[in-house]
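Counting starts at 1 for both ligands and their atoms, following the listed order.
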Amino acid sequence: MSAIFDLTGKVAIVTGCNTGLGAAMAIALAESGCNIVGVNRAAPADTLRRVEAAGRRFVDIRADLSSIEPIADIVHSAVEAFGRIDVLVNNAGIIRRGDALEFTEADWDAVVDLNLKSVFFLSQAVARQFVKQGGRGKIINIASMLSFQGGVRVASYTASKSGVQGLTRLLANEWAAHGVNVNAIAPGYMATNNTAPLRSDAQRNDEILGRLPAGRWGLPEDLAGPVVFLASAASDYVHGHTLAVDGGWLAR
Ligand code: NAP
C-alpha cells in the first residue's frame, strides 16, 4: 500500500511555505519524495533546511502573490529547475478583521486578491503546464471552516474561502478529463500566526477549545497526512472535494 502514497521524484509548488501550515505541508511532501518550489515574500530558511535534510531539492522563489504579475515567472522557474510540475499547493493566505459596517475596500481587496484571484490564476498557469506535459497533476487549495460557515468580522476572508471551495469544484469539473485532481483542505483552528489574535484572547480561546471535539488546537503537522494523500496516486479518483481537517469542529 505505501507505494500509492510515494511521491519520489515529483515536483510540488507550495505557496507561503516559510511558516505555519505551508511549511509543514512542504516538509511532509518532501519527506514523501517531492522536490519543492517554495513561493514566499520572506526567506523560507527553516523549510529549505528541512526539505534538504529530507534529501530533496528546494527552489526558493521570492514573489508577492497579492498581484498575479509574478505567476508566469513562478511557473517558468519551476519548469526550468525541474523540467515539470506535478503538484500545486495554493496555501498563501491572509485574514483581515473588522465589523462589516466599517469594513474597508483595502481590507477586501488585499484578502480577495491573494486568497482567491491569485489562487485561480496560479492554478490556471500550472494546469496549462499539466496539459502541456500530457495531462495528470494535483492541485490542492487551502480552504477554511469559513468555506462552510459564515464567521464574524472577517467578511473578505469568508468570501474568499467560500470562493475557494466553489472554485475547487469548478476546476475539478473542467480538469478531471485531463487527469488533474483539484481538491481542497479546510483546516480547522490551527495554531499558527494566522490565529495568534484568537489564541491570545482568553475568552475566544476558551470558547474555541470548549467547542472542539478534539479538545486541542490543530498543529501544522496535522495536515501532513491529508496533503500527501491528495498529492498522491491514492487520491486519483477524488475530485472537487474539500477535506476538513478540523478536530471535529464541523461535526459538532
Ligand atoms: P501564516 O502563518 O500567516 O502563513 C501565511 C503564509 O502566506 C506565509 O508563508 C506568508 O509568507 C504567505 N503570504 C502572505 N502574504 C503573501 C503574499 N502576498 N505573497 C506570497 N505569500 C504570502 O498562516 P497559516 O495559518 O499558516 O495559513 C496558511 C493558509 O491556511 C492560509 O490560506 C490560511 O487562510 C489558511 N487557514 C489557516 C487556518 C488556521 O487556523 N491557521 C485555518 C484555516 C485556513 P510571507 O508573508 O513571507 O509572504
Practice prompt. Only heavy atoms count here, so choose which of G20, G93, A92 is nearest to atom 5 (C) of ligand 1.
Written response: G93
Worksheet item: Would you say I94 and ligand 1 have an N/O pair spaced under 3.5 Å apart?
Response: no
Practice prompt. Assess A63 for proximity to ligand 1: is some non-hydrogen atom of it under 4.0 Å away?
Written response: yes
Worksheet item: Is the closest basic N to carboxylate O distance between D206 and R204 below 4.0 Å?
Response: no
Fill in: Sub-3.5 Å N/O-N/O distance, P187 and ligand 1
no
Worksheet item: Nearest protein heavy-atom contact for atom 19 (N) of ligand 1: which residue, which atom, what distance?
Response: L65 N, 2.9 Å
Worksheet item: Does at least one non-hydrogen atom of T19 fall below 4.0 angstrom from an atom of ligand 1?
Response: yes
Worksheet item: Which word best sums up how the rings of F5 and F229 line up, parallel for under 30°, tilted for 30 to 60°, or perpendicular for over 60°?
Response: tilted
Worksheet item: Got an N/O contact under 3.5 Å between L21 and ligand 1?
Response: yes
Discussion item. I'd like the name of whichever of N193, N91, I95, V245 reaches closest to atom 32 (O) of ligand 1 through any heavy atom.
Written reply: N91
Discussion item. Is it the case that ligand 1 has an N or O less than 3.5 angstrom from some N or O of K161?
Written reply: yes
Fill in: contact_flag C17 ligand 1 heavy-atom lt 4.0 Å
yes
Fill in: Polar contact flag for M190 and ligand 1 (N/O pairs, less than 3.5 Å)
yes
Fill in: Geometric N/O contact S144 with ligand 1, under 3.5 angstrom
no
Worksheet item: Taking the non-hydrogen atoms of A143, is any one of them nearer than 4.0 angstrom to ligand 1?
Response: yes
Worksheet item: S123 and N90: side-chain donor and acceptor closer than 3.5 Å?
Response: yes
Item to complete: Please indicate whether any nitrogen or oxygen in V39 is less than 3.5 Å from any nitrogen or oxygen in ligand 1.
Response: no
Response to the item:
In terms of its nearest heavy atom to atom 33 (C) of ligand 1, the top option of Y189, Y157, W217 is Y157
Worksheet item: Heavy-atom contact under 4.0 Å between G188 and ligand 1?
Response: yes
Discussion item. Under a 4.0 Å threshold between the charged nitrogen and the carboxylate oxygen, would D86 count as salt-bridged to R84?
Written reply: yes
Worksheet item: Would you say F130 and R136 make side-chain contact, with heavy atoms under 4.5 Å?
Response: no
